Amino acid sequence: MNSYQHIYDTVRRIPPGKISSYGRIAALAGLAGQARLVGYALHALRTGGVDEQGQPVPWWRVINVAGRISNEYEATLQRELLEAEGIAIDARNAIDLERYLWDGAVAG
DNA sequence: ATGATGACCCAAT
DNA sequence: GATTGGGCCATCA
């Protein structure tokens, strides 16, 4: 079992229509200060968005703390997926974190 | 084992 | 607000 599995599990807890930052996910996953690992873990997903167990991971709900899409691989796809969930993106490709940032609370 | 890079973040300039 | 420097750990050559 890789450490990434914990990251994937945390990313899955992001409710639809919400977003989170790499650092936030890292903190929730018990990897505070290791935001790069989250980015690396999501990078390992690549296209398909499934982990080693074949479970889907909402990788598009993870952006950087600046509210912008950091990845250059699927930037367009990520933007479309975010907009599909009702997340408004600024004219400068920025997202209002205070408005959409997931505070870590469990929905339900 | 070493060096370089990376879907990042924070602080300083 | 854009750029630079340091820190964190995993992966590749």
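Residue numbering restarts at 1 for every chain, and letters A, B, ... go by the order of the sequence lines. Quick note: numbers below take in every heavy atom, side chains included, and nothing from hydrogens, waters or symmetry partners. Small disclaimer: the values here were computed from a predicted structure and weren't measured.
Side-chain contact between A:Arg61 and A:Lys18: absent, with no pair of heavy atoms (C-beta onward) separated by less than 4.5 Å.
With A:Asn71 contributing its side chain and A:Tyr73 its backbone, the two residues share no donor-acceptor pair below 3.5 Å.
With DNA chain C read from its 5' end, the first of the two nearest nucleotides for A:Arg92 and A:Gln34 is the one closest to A:Arg92.
Put simply, OH on A:Tyr22 is 14 Å from P on B:dC10, counting in whole angstrom units. The CG-P distance, from A:Leu37 to C:dG7, rounds to 17 Å in whole Å. For the pair A:Arg68 CZ and C:dA2 C1', the interatomic distance rounds to 11 Å; values are reported in whole Å. Taking atom CG of A:Leu45 as the reference point, atom C1' of B:dA7 lies 10 Å away to the nearest angstrom. Between A:Tyr40 atom OH and B:dC9 atom C1' there is a gap of 19 Å when expressed in whole angstrom units. Summarising the geometry, the separation between CG on A:Leu82 and P on B:dA7 is reported as 18 Å, rounded to the nearest angstrom. Put simply, CD1 on A:Ile69 is 10 Å from C1' on B:dA7, counting in whole angstrom units. Rounded to a whole Å, the OH atom of A:Tyr4 is 12 Å from the C1' atom of B:dA7.
Remark: A:Tyr73 is in phosphate contact with B:dA7, judged by side-chain N or O atoms under 4.0 Å from OP1 or OP2.
Among C:dA10, B:dA7, B:dC9, the nucleotide with an atom closest to any side-chain atom of A:Ala35 is B:dC9. Nearest to the side chain of A:Asn71, among B:dC9, C:dC8, B:dA7, sits B:dA7.
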Exercise for the section: List the steps and the verdict of side chain to side chain contact (heavy atoms under 4.5 Å, CB included) for A:Leu82 and A:Ile63. Expected result: CA-CA 10 Å; A:Leu82 288 172; A:Ile63 61 178; 4.3 Å; yes
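Remark: A:Asp90 does not engage A:Arg68 in a salt bridge, criterion side-chain N to carboxylate O under 4.0 Å.
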